[in-house]
Number of protein chains: 2
Amino acid sequence: MASRNTRILEAAARVIARRGVRGLRVEELAAEAGVSTGLIYYHFKDRTGILRHTLEFINDRAERYTTVRDADAPPLGPREELEQILLLELQDTAEVRENSAAWGELRASAVFDPALREDLARATLVWVQEVAALLGRVRPMAPAAQLAAAAERLTALLEGLSTRWLSGGLGIDHARTLMRGGIEAELSGLEAR
Amino acid sequence: MASRNTRILEAAARVIARRGVRGLRVEELAAEAGVSTGLIYYHFKDRTGILRHTLEFINDRAERYTTVRDADAPPLGPREELEQILLLELQDTAEVRENSAAWGELRASAVFDPALREDLARATLVWVQEVAALLGRVRPMAPAAQLAAAAERLTALLEGLSTRWLSGGLGIDHARTLMRGGIEAELSGLEAR
DNA sequence: GTCTATAAACCGATAGAC
DNA sequence: GTCTATCGGTTTATAGAC
C-alpha cells in the first residue's frame, strides 16, 4: 500500500526507538523520513494520529517477523514454538530493538494518553490469545482459564524483561534465560499431578 | 522540614501520576500546589530539579508504606510476607497509584535517558534481593541462583502487570490474581521433587 | 501529494514588586 | 518567600502555492 506512508512509519519507529514517544518531534520525524512536516500532517492528521498508526505498523511488523520461518526447516513442536514466539522479542537486532522500544514506549504512554489505549488493548488481546493457544497445545489437560492466566503472565513478564533490558538493567542473554525459566515455571504450574 | 516544599512535592507526585513525567507542566503543578510558578523555580531551580526532588520524595515514601506494619499484628509467615510485599504495589489507592505510575515512568524514561539508569539499577537490585530472600525462606532447599532468577522474574512480572493496570488494560483485581498465580507458579517451579 | 512559510499555542524561565 | 507579569524559544498545526 502507500509506500510513502510506509516510509514515514518506518522513520517513526526509528525515531521512537531513539527518542521515545515522549521525545518524538514532528520536525525530526520529517527529517528522518526525508519529507516535510506538512506532508506528515496531511497523512496522519495530528501527533496522536502518527502515534496510533505507528503502533499499528510495528504491530504488523512484529507479526511478520514472528511468523516468517524457513520453508525447509524441521516442523517445530508446540513447546519449541512457544519458546520461539516469546523469545523473538528479546533479540539484539536493530529491528527487534526498534519494535520492543516502540512497543514499550507506547504502552508506557498509554498510561497517560487514553487515546492510545484501545489499539493497545486489541493488540494485547490477540497476542495473549496466541500464547494461550500454544500453551494449550503443550498442556492439553489444563483448563482454559488457567491457560489464559498463564499467557497473560508470560506476555506481561516479557514486557517487564524487555523494558529492563532496554533500560540497561539486564543483559540480553540473561533476559532470555529468565524468559525461558518463566515458561518452565508456568508449565510446571499447569502440570497435571 | 520546609512544609511548603513538601506540599509542592506532594502535588508533583499527583501531577506525574496524572500526566506523566513528560506531561508535567510547571504551571499545572503550581495550580495543583496552590502556589505560583515563580515560587517553584525559587525552590527547585528548574524543571529537572523538580523532577529529581520528586523522584527522591516518591522513593522515600514507597519505602515507608512498604515497611510500616501494625505493631500488634500477628507475625506473617514467609509465604504471606512474600505475597504481601509483591501485592503492595498493586493497590488502587491514590498514593500507591502515584508511586507505581512514577516508578513506571522512571523505568520507561531510563530507556532513553542513561542518566537515570544508575539510580534505577541500584533500587532494582535491593528490591530483587529482598524478594529472593523471602523466596528462600519459603523454599529453603532451592539453590541461590534459582531463587535469584525467580525473584527477578517476579519483580519484572510485577512491573509488567503494573503498567498494564495503569494503562487501563487490566482491572486491579485481575492484576492481583495474576500476580498471586505467578508467585504460585514460581514456587511450583522451585519445588523439590 | 508535496512543499514552504507562518500562524498559533504552549511552556520554561526570569525580572521586579511587595 | 511569594506573587504578577511577561519574554523568548520551541513545537504543533494550518494555509496556500505548485
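Proteins get letters first, then strands, A, B, ... in listed order; numbering begins at 1 in each.
Whole-Å rounding puts the B:H43 NE2 to C:dA13 P distance at 17 Å. Rounded to whole angstrom, the span from the CD1 atom of A:I8 across to the C1' atom of C:dC3 amounts to 13 Å. Atom CD1 of A:I40 is separated from atom P of C:dT4 by 13 Å (rounded to the nearest Å).
Looking only at distances, no side-chain donor or acceptor of B:E32 sits under 3.5 Å from a matching main-chain atom of B:A11.
Scored by the side-chain contact (heavy atoms from CB on, under 4.5 Å) test, A:E118 finds A:R122 as partners (sequence neighbours excluded).
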Yes or no on salt bridge (charged side-chain N to carboxylate O under 4.0 Å, His left out) for B:R164 and A:E152, after CA distance, side-chain angles and deciding distance? CA-CA 10 Å; B:R164 281 198 193 173; A:E152 284 183 293; 5.4 Å; no
Checking side-chain contact (heavy atoms from CB on, under 4.5 Å) for the pair A:E83/A:R79: CA distance, chi angles, key distance, verdict? CA-CA 6 Å; A:E83 276 210 3; A:R79 167 73 192 256; 3.4 Å; yes
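Between B:R61 and B:E98 there is a side-chain heavy-atom pair separated by less than 4.5 Å.
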Each nucleotide in nucleotides 11-18 of chain D should get exactly one letter: B, S or -. Can you fill that in based on protein heavy atoms under 4.0 Å? SSBB----
